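First up is the structure itself, then whatever we jot down about it.
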Number of protein chains: 2
Amino acid sequence: MNAPTKRNTRQRTSIIDFLKTRKEFISAKELYSEMEGSKVGLSTIYRALSDLVNDGDLDVFIDNDGESRFRLCGSHHHHHLLCRKCGKSVEFQAPEAEALAERLGASEGFSEMEHRLEIIGTCQECI
Amino acid sequence: MNAPTKRNTRQRTSIIDFLKTRKEFISAKELYSEMEGSKVGLSTIYRALSDLVNDGDLDVFIDNDGESRFRLCGSHHHHHLLCRKCGKSVEFQAPEAEALAERLGASEGFSEMEHRLEIIGTCQECI
DNA sequence: ATTGATAATGGGAATCATTGTCAATAAGCC
DNA sequence: GGCTTATTGACAATGATTCCCATTATCAAT
């Protein structure tokens with residue numbers, strides 16, 4: 001993450017600065033209209049968001065209308081995939097799970113969500 | 001679920017029968033091409049899938065390309081949302097989690113996935 | 001500070017899953 | 001069989017996202 005492959009442009013900076021002021025998930029289009037003053041093109045917003053996701057700086061999830069929604073990552077929470085036979089374990093991140101926890105908890109009136117996710121399966125060597 | 005509001009048509013029956021033979025998630029388009037012999041229109045497939053989802057007979061999740069993928073519900077695996085103060089617990093289902101477990105496990109060469117997901121938060125009464 | 005190589009921008013067109021439209025058809029009831 | 005009405009399906013429309021490409025901006029080297 002934080003691959004230093006991108007140049008610092010006014011647009012990219014504005015987008016990141018805007019995201020820093022935002023705790024909730026936001027869609028590309030919403031970002032576009034809320035940033036109207038900053039004169040950033042919609043294509044640029046899509047590109048920047050996509051880069052930020054690839055660098056691991058943004059969490060994404062796709063809402064029920066098929067629209068992607070973004071939020072700056074907090075600490076990098078991770079989960080485990082475990083083999084039920086040999087115990088081999090693989091770490092992974094799951095922004096979907098972060099987002100799911102937020103949405104589900106919020107929909108029930110909960111706040112300050114944490115979550116635990118564990119996937120158990122049989123690894124290739126143990127089949 | 002299983003709201004008996006729909007007529008039994010050849011098309012609807014074919015779609016359900018096809019889904020019964022399928023363990024993995026499938027998209028509407030894939031279903032359409034795999035069922036070519038059955039002469040069912042794409043609109044009809046979308047409508048039927050949407051009805052089945054509303055009746056609670058199908059699990060859905062939206063993949064990374066924004067395409068919806070469907071699978072007949074199996075046993076209704078569920079998860080818990082817990083309050084960290086009073087212990088109040090709410091059951092919920094999360095097809096996304098089912099799908100996530102499948103995908104992630106498979107991507108690491110694992111099979112026969114199970115998973116556990118727990119969300120912990122503070123409920124409205126305990127704030 | 002200027003230059004030059006190259007990455008980033010933006011606006012419109014293109015893509016592609018999904019939904020809407022509506023005339024034709026088929027289910028289910030008498 | 002005949003009737004009422006939901007369902008179907010071909011096609012158009014929608015809408016988020018990506019592609020295209022001429023123009024512009026960044027930044028390291030001069």
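Side chains included, hydrogens not; waters and symmetry mates left out as well; all remaining heavy atoms used. Please read all numbers here as calculations on a predicted model, not as lab measurements. All chains are named by letter (A, B, ...) in the order of the sequence lines, taking the proteins before the strands, and each is independently numbered beginning at 1.
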From CG of A:L42 across to C1' of D:dG15 the rounded distance in Å is 12 Å
Rounded to whole Å, the CZ-P distance (B:F70 to C:dA17) equals 13 Å
In whole angstroms, the gap separating C1' of D:dT18 from CD1 of A:I45 amounts to 15 Å
A:K29 has its side chain closest, among C:dG20, D:dC27, D:dA16, to D:dA16
Are OP1 or OP2 of D:dT17 and a side-chain N or O of A:Y46 less than 4.0 angstrom apart?
yes
Heavy-atom check, side chain of B:K29 versus side chain of B:S33, under 4.5 Å: no
* Asked: Is any side-chain N or O of B:Q11 closer than 4.0 Å to OP1 or OP2 of D:dT7?
  -> no
Got a salt bridge between B:E34 and B:R22, using NZ or NE/NH1/NH2 to carboxylate O under 4.0 Å? yes
Rounded to whole Å, CZ of B:F25 lies from P of C:dA17 at a distance of 19 Å
Here the distance between atom C1' of C:dA7 and atom CZ of A:R7, to the nearest Å, is 4 Å
TODO: Would you indicate whether the side-chain heavy atoms of A:I119 and A:H79 approach each other to under 4.5 Å?
DONE: no
Residues at least two apart in sequence or cross-chain that pass side-chain contact (heavy atoms from CB on, under 4.5 Å) with A:E102, listed by chain then number, are A:R71, A:M113
With a 4.5 Å cut-off on side-chain heavy atoms, are A:E118 and B:E114 touching?
no
Within residues 30-41 of chain A, the residues having a heavy atom closer than 4.0 Å to DNA chain C are A:K39, A:V40, A:G41
Computed from five pairs at either end and rounded to 10 degrees, the angle between the axes of the helix from C:dA1-D:dT30 to C:dC30-D:dG1 is 40°
Per nearest nucleotide of DNA chain C, the residue lying toward the 5' end, B:S50 or B:T9, is B:S50
Exercise for the section: Check whether any side-chain heavy atom of A:L31 lies under 4.5 Å from a side-chain heavy atom of A:V40, and answer yes or no. Expected result: no
Next on the checklist: In the structure I gave you, are the side-chain heavy atoms of A:I16 and A:L52 within less than 4.5 Å of one another anywhere?
Outcome noted: yes
A:N8 CG to D:dA28 C1', in whole Å, measures 14 Å
Using 4.0 Å as the upper bound for N to carboxylate O, is an ion pair formed by B:D55 and B:K6? no
Report task. State whether the side chain of B:S14 and the backbone N or O of B:R10 hold a donor-acceptor pair below 3.5 Å, judged by distance alone. Result -> yes
Practice problem: Please determine if a side-chain N or O atom of A:K6 lies less than 4.0 Å away from the OP1 or OP2 oxygen of C:dA7. | Solution: no
note: A:L49, atom CG; C:dT9, atom C1'; distance rounded to Å ~ 15 Å
Starting from the C-alpha separation in whole Å, work towards a yes-or-no answer on side chain to side chain contact (heavy atoms under 4.5 Å, CB included) for A:F70 and A:I45.
CA-CA 11 Å; A:F70 306 84; A:I45 287 180; over 6 Å; no
(request) Remember a base hit wins even if backbone is also touched, and classify B:R47 as base, sugar-phosphate or nothing at under 4.0 Å, heavy atoms. (result) base
Next on the checklist: Check the phosphate of D:dG9 against B:R10, side-chain N and O only, distance under 4.0 Å to OP1 or OP2. Yes or no?
Outcome noted: yes
Item to complete: Select base, sugar-phosphate, or nothing to describe what A:S68 touches, counting heavy atoms under 4.0 Å on all strands.
Response: sugar-phosphate
To the nearest angstrom, the CD-C1' distance between A:E67 and D:dT18 comes to 15 Å
Testing D:dT17, C:dA8, C:dG10 for proximity to the side chain of A:S43, the answer is C:dG10
Are A:T44 and C:dA8 close enough that a side-chain N or O sits under 4.0 Å from OP1 or OP2?
no
